Amino acid sequence: IVVTASWGDQPYQRLQASMQEPLCAKMMGKYFHQQLINLEEKDGKEMAKKFEIDAVPTILVMDADGNLIRKIEGAQESERLMSIMKNSLA
């Protein structure tokens with residue numbers, strides 16, 4: 001789950017660019033289902049409270065049962081993002 005807000009557009013755009021790099025995009029498409037949540041909407045406000053989100057973008061890596069595996073705050077370069085996501089699979 002990628003949590004963002006209108007006031008966090010630049011960091012979100014950097015994160016999107018990282019996620020679209022070919023190797024990162026391939027891994028994300030194969031192992032992860034992506035969902036975008038706006039922090040300013042009802043669902044986003046509930047997520048922010050539940051998972052203590054105070055920075056955007058924030059990626060919440062969840063298992064199939066909805067349990068939080070990892071919380072990644074801020075825009076990440078593609079290599080770092082891939083490393084974090086690979087470790088989340090272990």
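These figures come from a predicted structure and were not determined experimentally. Below, all heavy atoms of this structure are taken into account, side chains as well, without hydrogens, waters or symmetry copies.
Sparse packing is recorded around CD of Glu52, with 12 or fewer heavy atoms of other residues, nucleotides or ligands lying under 6.0 Å away.
Across every non-hydrogen atom of Leu39 and Ala5, the tightest pair is CB-CB, 3.9 Å. Heavy atoms only, all atoms of each residue included: Ile37 and Gly44 are closest at CG2-CA, 3.3 Å. Nearest heavy-atom pair across Leu60 and Val3 is CD1-CG2, 4.2 Å.
Rounding to the nearest 0.5 Å places CD of Gln20 at 11.0 Å from CE of Met28. Rounding to the nearest 0.5 angstrom, the gap separating the OG1 atom in Thr58 from the CD1 atom in Ile72 is 9.5 Å. Once rounded to the nearest 0.5 Å, the distance linking CE of Met62 with CD1 of Ile69 reads 8.5 Å. Between the NZ atom of Lys26 and the OH atom of Tyr31 there is a distance of 9.0 Å, given to the nearest 0.5 Å. Separation of atoms CD1 (Ile53) and CD1 (Ile59) is listed at 11.0 Å; rounding is to 0.5 Å.
Counting only residues at least two apart or on different chains, the salt bridge (Lys or Arg N to Asp or Glu O under 4.0 Å) pairs with a member in residues 54-80 are Lys71-Glu73.
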Going by atom type alone, with no hydrogens or angles, which donor-acceptor pairs under 3.5 Å involve a side-chain atom of residues 81-90 and a protein atom two or more places apart or on another chain?
from	atom 1	to	atom 2	distance (Å)
Asn87	ND2	Ser83	O	3.3
Ser88	OG	Ile84	O	3.0

